[in-house]
Amino acid sequence: MNKLGLHAFVWTANWTPEDAAMAIRSTAELGYDLIEASTMDLKAFDVPATLRELERNKLGITMSFGLTADMDISSGDKERTKRGEAHLLDAMSLARDVGATHVCGILYSAFQKYATPVTEDGIRGSIDVVRRVAEKAQASGITLGMEVVNRYESNVLNTARQAIAYVKKVEMPNVKLHLDCYHMNIEEADSAEAIREAGDLLGYFHTGDSHRGYLGSGSVDFPSIFRALESINYQGPITFESFSSAVVGQPLEGILGIWRNLWEDSRDLAAHAKAFTDVQMKSAREALGRQRR
Ligand code: MN
């Protein structure tokens, strides 16, 4: 059974004890199985409060991270690569300490718009770092998801096919693809086909519509997305991700290009996403079950 998750930034971009308590309690109240927490500032993340609230609300956790330009492990630059590796290894310690099952996001390059393509040397360096990070994650039973994102957020993995090749080169059983239908809608010729191509290598999934607002209110073809997930018997987490400057501030607002808000009411958005996802999954199971009969 897929665990359904909610990105913490639907509630808050900070993680003080009060923020953690509010986000975790609210996510659990809506019937989600897990919260995806994210931070650039590892030291500002309150571990004891997180553990206490997860336990109190019987909620699971996953984490996502990104790298800044001066920590870019795909840059081919020794110093930056070294800083990126150190950050990712510290991030694995944090993920282990809060009991995260998965760590996902743009773990393989900086999280930014690039002006030039990645080099072969840069990709090799990135793969070597990710392999060492994965070894540390494996010791804590953590699966890594390499998130395939659109061209404006990285120049390394923009399509599922690129990510399949990358993950195969990392050669670690706990390194998988993380696909996101918002990004796939921009880059893939056929999102459902990309999911089927990923197959057993898919380890994490983000839902989001074409404008990152309410699920189903954009142009993403969700029936075909959920049928594809069902057809490959995907069992990993499915996490809803949506951003509004009503919650997130800079620098994320600028990197993601949030110039207009599609929602202000976090709870209404998250409750709707949960109901929408439940219905889509049920419909996909019925559709494929009927096909098999
Ligand atoms: Mn995503």
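All values below were derived from every heavy atom in this structure, side-chain atoms included, with hydrogens, water molecules and symmetry-related copies excluded. In each ligand, atom 1 is the first atom listed, and ligand 1 is the first ligand listed. Note that the coordinates shown come from a computational prediction; the quantities given were computed from them, not determined experimentally.
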Query raised in the report: Of all heavy-atom pairs between Leu144 and Ala137, which one has the smallest distance, and what is that distance?
Result: CD2-CB, 4.0 Å

**Report entry** Nearest heavy-atom neighbours spanning Glu188 and Asn158
**Finding:** OE2-O, 4.4 Å

**Report entry** Cut-off under 2.8 Å, centre the Mn ion (ligand 1), protein N/O/S atoms
**Finding:** Glu147 OE2, Asp180 OD2, His206 ND1, Glu241 OE1

Query raised in the report: Is a side-chain donor or acceptor of Asp209 paired with a backbone partner of Ser217 at a separation under 3.5 angstrom?
Result: yes

Give every donor-acceptor pair under 3.5 Å between a side-chain atom in residues 102-112 and any protein atom, sequence neighbours left out.
residue: Tyr108; atom: OH; partner: Glu147; partner atom: O; Å: 2.5
residue: Ser109; atom: OG; partner: Ser154; partner atom: OG; Å: 2.7

Query raised in the report: Parallel, tilted or perpendicular: which describes the rings of His206 and Tyr204, with under 30° parallel and over 60° perpendicular?
Result: perpendicular

Report task. Assess the side chains of Asp90 and Ser93: does a donor N or O sit below 3.5 Å from an acceptor N or O? Result -> no

